J.: 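Mind looking over this structure? Questions follow.
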Amino acid sequence: MGDEQDKLLPVANVGRIMKRILPPTAKISKEAKETIQECASEFISFVTGEASDKCQKENRKTVNGDDITWALGSLGFDDYSQAIVRYLHKYREFERERGLAAAASSSAALLASNVINSPLEFRPLNEKGQTSYTKPS
Amino acid sequence: MRQAGMYSGILSGGGISGRTGPHLLPLARIKKIMKKSSVDVKMISGEAPLVFSKACELFIEELTKRSWNMTIHGKRRTLHKEDVASAVATTDVFDFLIDLVHPNGNDVNEDDHVPEN
């Protein structure tokens with residue numbers, strides 16, 4: 001059973017997307033949910049196949065995001081393109097902010113430890129947020 | 001039923017949620033399905049599953065909306081498998097799904113795989 005489920009997107013996630021687009025009073029049969037779950041996998045295979053063919057013709061080994069976007073257009077799904085471009089921008093922004101937040105919190109922790117151990121000395125942080133400060137034994 | 005997305009702004013924001021991260025669909029699973037699609041697919045770059053996470057969301061939404069139109073047409077409030085089958089049969093870009101939703105070839109011309117438009 002685990003092997004079969006690997007070929008499908010989680011039915012809970014599929015169901016959530018479906019519910020979101022339907023009126024609040026709409027009901028969805030279990031069979032319909034599973035059918036759309038299967039269709040989604042078929043969609044991925046279908047588009048990937050087209051993208052993969054293009055890569056082979058161009059002697060490239062790696063299928064990238066642009067190949068998928070191209071394949072979507074080639075197979076009649078070009079109305080998805082705009083939303084995908086916006087989504088990629090938002091995702092990159094999300095990742096960038098997450099990275100900045102992580103860097104900020106780690107350098108803040110470093111700063112705090114410097115103040116406690118050496119209140120009169122100032123050790124500047126290098127660009128990685130590290131200091132050359134060594135603790136006195 | 002509480003309408004999902006009303007408070008997190010997902011409905012207008014296009015799926016970015018600080019709670020679960022920006023994707024609604026698991027990237028690792030998408031990558032697995034891509035790999036299984038063909039022996040020719042050997043290497044997949046990082047952004048390809050990401051593009052699919054949005055494309056699949058849009059695909060599921062479109063297929064669901066069209067299926068629901070069939071449900072409404074039949075004066076029902078529960079979306080059934082046959083509504084999905086009807087939506088597939090009446091949408092050209094969904095031709096690749098015909099065999100998946102109509103394994104017996106019911107209601108569809110089996111010798112007509114070319115879109116009419």
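The shown structure was predicted, so the numbers you read here are calculated from the model rather than taken from an experiment. First the proteins, then the strands, lettered A, B, ... as listed; each starts at 1.
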J.: Hydrophobic clusters here meaning ILVMFWY residues chained together by side-chain heavy-atom distances under 4.5 Å, can you tell me if Y80(A) and I21(A) are in one?
T.: yes
J.: So which part of S41(A) gets closer than 4.5 Å to some heavy atom of chain B, the side chain, the backbone, both or neither?
T.: both
J.: Identify the heavy atoms of Y87(A) and K54(B) that sit nearest to each other, and give their distance.
T.: CD2-CB, 3.5 Å
J.: If you take all heavy atoms of L58(B) and A83(A), which pair is closest and at what distance?
T.: CD1-CB, 3.9 Å
J.: Give the minimum heavy-atom separation between S29(A) and H80(B), together with the two atoms involved.
T.: CB-ND1, 3.6 Å
J.: Let me know if L75(A) has heavy atoms under 4.5 Å from chain B in its side chain, its backbone, both or neither.
T.: backbone
J.: If we ignore hydrogens and angles and just use 3.5 Å, is the side chain of N13(A) paired with the main-chain N or O of L24(B) as donor and acceptor?
T.: yes
J.: For a 4.5 angstrom cut-off between non-hydrogen side-chain atoms, does S45(A) reach K36(B)?
T.: no
J.: Measure the spacing between CD1 of I44(B) and CD1 of I68(A) and express it to the nearest 0.5 Å.
T.: 7.5 Å
J.: Contact between E31(A) and K81(B) at the side-chain level, heavy atoms closer than 4.5 Å - yes or no?
T.: yes
J.: Measure distances from V93(B) to the heavy atoms of chain A and classify the residue's part below 4.5 Å as side chain, backbone, both or neither.
T.: both
J.: Just verifying a value: how many Å separate K42(B) NZ and Q56(A) CD, rounded to the nearest 0.5 Å?
T.: 6.5 Å
J.: Hey, could you give me the CG/CD1 distance between L100(B) and I36(A), rounded to the nearest 0.5 Å?
T.: 11.0 Å
J.: Using non-hydrogen atoms only, which part of V101(B) is less than 4.5 Å away from chain A: side chain, backbone, both, or neither?
T.: side chain
J.: When rounded to the nearest 0.5 angstrom, what is the spacing between CD in E95(A) and CG in L50(B)?
T.: 8.5 Å
J.: Between L88(A) and chain B, which part of the residue has a heavy atom less than 4.5 Å away: side chain, backbone, both or neither?
T.: side chain
J.: Taking the side chain as every heavy atom from C-beta outward, state whether P10(A) and P26(B) have any atom pair closer than 4.5 Å.
T.: yes
J.: To the closest 0.5 Å, what do you measure between CE (M18(A)) and CG (L79(B))?
T.: 5.5 Å
J.: Is there a side-chain contact between V14(A) and I60(B) in this structure, where contact means two heavy atoms from C-beta onward sitting under 4.5 Å apart?
T.: yes
J.: Would you find a donor on one side and an acceptor on the other, under 3.5 Å apart, between the side chain of R77(B) and the backbone of T25(A)?
T.: no
J.: Please lay out, stage by stage, how E47(B) and R92(A) fare under the test side-chain contact (heavy atoms from CB on, under 4.5 Å).
T.: CA-CA 10 Å; E47(B) 284 210 335; R92(A) 287 174 190 145; 2.8 Å; yes
J.: To check you understand the geometry: which heavy-atom pair defines the closest contact between V63(A) and A48(B), and what is its length?
T.: O-CB, 3.9 Å
J.: Which region of E62(B), side chain (C-beta onward) or backbone (N, CA, C, O), has a non-hydrogen atom less than 4.5 Å from a non-hydrogen atom of chain A, or is it both or neither?
T.: side chain
J.: Find the one option among V51(B), I33(B), L25(B) whose heavy-atom pairs under 4.5 Å with chain A are most numerous.
T.: I33(B)
J.: Would you please test E57(B) and R16(A) for salt bridge (Lys or Arg N to Asp or Glu O under 4.0 Å) and show each step?
T.: CA-CA 10 Å; E57(B) 189 190 316; R16(A) 222 175 288 144; over 6 Å; no
J.: According to the interplanar angle, ranging from 0 to 90°, do the rings of F59(B) and F43(A) count as parallel (below 30°), tilted (30 to 60°) or perpendicular (above 60°)?
T.: parallel
J.: Kindly indicate whether the side chain of M34(B), heavy atoms from C-beta on, has any atom under 4.5 Å from the side chain of I44(A).
T.: yes
J.: Given the options D40(B), V41(B), V84(B), which has more heavy-atom pairs under 4.5 Å with chain A than any of the others?
T.: D40(B)
J.: Measuring from atom CG of D99(B) to atom CD of E42(A), what distance do you get when rounded to the nearest 0.5 angstrom?
T.: 9.0 Å
J.: Under 4.5 Å from any heavy atom of chain B, what part of E38(A) do you find: side chain, backbone, both or neither?
T.: both
J.: Check whether any side-chain heavy atom of P23(A) sits under 4.5 Å from a side-chain heavy atom of W68(B), and report yes or no.
T.: yes
